[in-house]
Visitor: 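Encoded as structure tokens, here's the structure I'll be asking about.
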Amino acid sequence: GDSVTQMEGPVTLSEEAFLTINCTYTATGYPSLFWYVQYPGEGLQLLLKATKADDKGSNKGFEATYRKETTSFHLEKGSVQVSDSAVYFCALSDRDNAGNMLTFGGGTRLMVKP
Amino acid sequence: DGGITQSPKYLFRKEGQNVTLSCEQNLNHDAMYWYRQDPGQGLRLIYYSQIVNDFQKGDIAEGYSVSREKKESFPLTVTSAQKNPTAFYLCASSPPLTDSAQHFGDGTRLSIL
């Protein structure tokens with residue numbers, strides 16, 4: 001079955017540091033890939049997505065590139081802020097499955113210190 | 001603004017009691033979903049519905065029930081059969097396009113008295 005593996009957290013960085021959160025996936029079909037962000041006590045918000053190989057999703061300074069050859073979708077940001085502290089979830093939606101069912105990774109907590 | 005509304009934000013359940021969590025969306029989405037999130041954990045799918053009057057079990061449906069009588073509404077009942085109901089519950093919806101993202105509500109935190 002489909003699966004998503006994320007690096008375990010917490011990831012602790014100083015403000016303005018470079019961020020990478022690794023995400024790799026296994027899928028039987030040809031999935032779409034997503035990054036969601038969850039702030040404390042809130043639901044998930046879509047951060048960015050990519051629907052085909054070599055697509056780059058970007059939003060709010062975050063980027064991730066769909067790498068089919070390495071089955072990866074790593075999240076990056078060049079300079080993190082304290083306000084980026086949150087939990088980040090990588091997810092996939094496999095077109096071979098019915099509807100928009102999502103398979104989530106376990107989440108990675110990011111803590112940014114001033 | 002369109003969105004998903006979950007209520008209440010906090011809910012307490014007594015032993016042996018059923019409780020119902022509300023989820024309403026005005027995004028005109030066909031599909032709706034319920035997830036459970038435990039502290040420090042990812043999301044696990046409880047139930048989903050791709051069309052009115054139809055729903056399917058997810059990975060952890062035991063002890064839960066749902067209904068989908070209206071497109072806008074997908075309530076989740078946590079029954080007394082769910083022995084460990086304390087968790088954060090998230091509702092989501094999505095349009096039928098396969099590349100579309102799911103949209104989430106702000107969640108309901110359920111605790112046992």
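Because the structure is predicted, anything quoted here is derived from the model rather than measured. Labels below follow one simple rule: chain letters A, B, ... track the order of the sequence lines, proteins then strands, and each chain is numbered from 1. All heavy atoms count here, side chains included; hydrogens, waters and symmetry mates do not.
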Visitor: Check whether L46(A) gets within reach of chain B through its side chain, its backbone, both or neither, counting any heavy atom under 4.5 Å.
Guide: side chain
Visitor: So which of R109(B), Q41(B), Q102(B) has the largest heavy-atom pair count under 4.5 angstrom toward chain A?
Guide: Q102(B)
Visitor: Counting heavy-atom pairs closer than 4.5 Å to chain A, which one of D59(B), L90(B), D30(B), D106(B) comes out on top?
Guide: D106(B)
Visitor: OH of Y48(B) to CG of D54(B): how many Å apart, nearest 0.5 Å?
Guide: 9.0 Å
Visitor: Does CD belonging to E69(A) count more than 12 external heavy atoms closer than 6.0 Å?
Guide: yes
Visitor: Just so I understand: if I count every heavy-atom pair under 4.5 Å between each of A91(A), G106(A), G107(A) and chain B, which residue has the most?
Guide: G106(A)
Visitor: Which atoms of I4(B) are under 4.5 Å from chain A, going by heavy atoms: the side chain, the backbone, both sets, or neither?
Guide: neither
Visitor: Side chain, backbone, both or neither: which part of Q6(B) has an atom under 4.5 Å from a heavy atom of chain A?
Guide: neither
Visitor: Heavy-atom distances under 4.5 Å only: say whether Q38(A) touches chain B with side chain, backbone, both or neither.
Guide: side chain
Visitor: Taking the inter-plane angle between the rings of Y36(A) and F34(A) on a 0 to 90° scale, is it parallel (under 30°), tilted (30 to 60°) or perpendicular (over 60°)?
Guide: tilted
Visitor: Are F74(B) and Y47(B) an aromatic pair, judged by ring center distance below 6.0 Å?
Guide: no
Visitor: Examine the side chains of E16(A) and S79(A) and answer whether a donor and an acceptor come within less than 3.5 Å of each other.
Guide: no
Visitor: Using only heavy-atom distances, determine whether the side chains of T77(B) and T20(B) contain a donor-acceptor pair under 3.5 Å.
Guide: yes
Visitor: With a 4.5 angstrom heavy-atom cut-off, could you sort out which part of A101(B) is near chain A: side chain, backbone, both or neither?
Guide: both
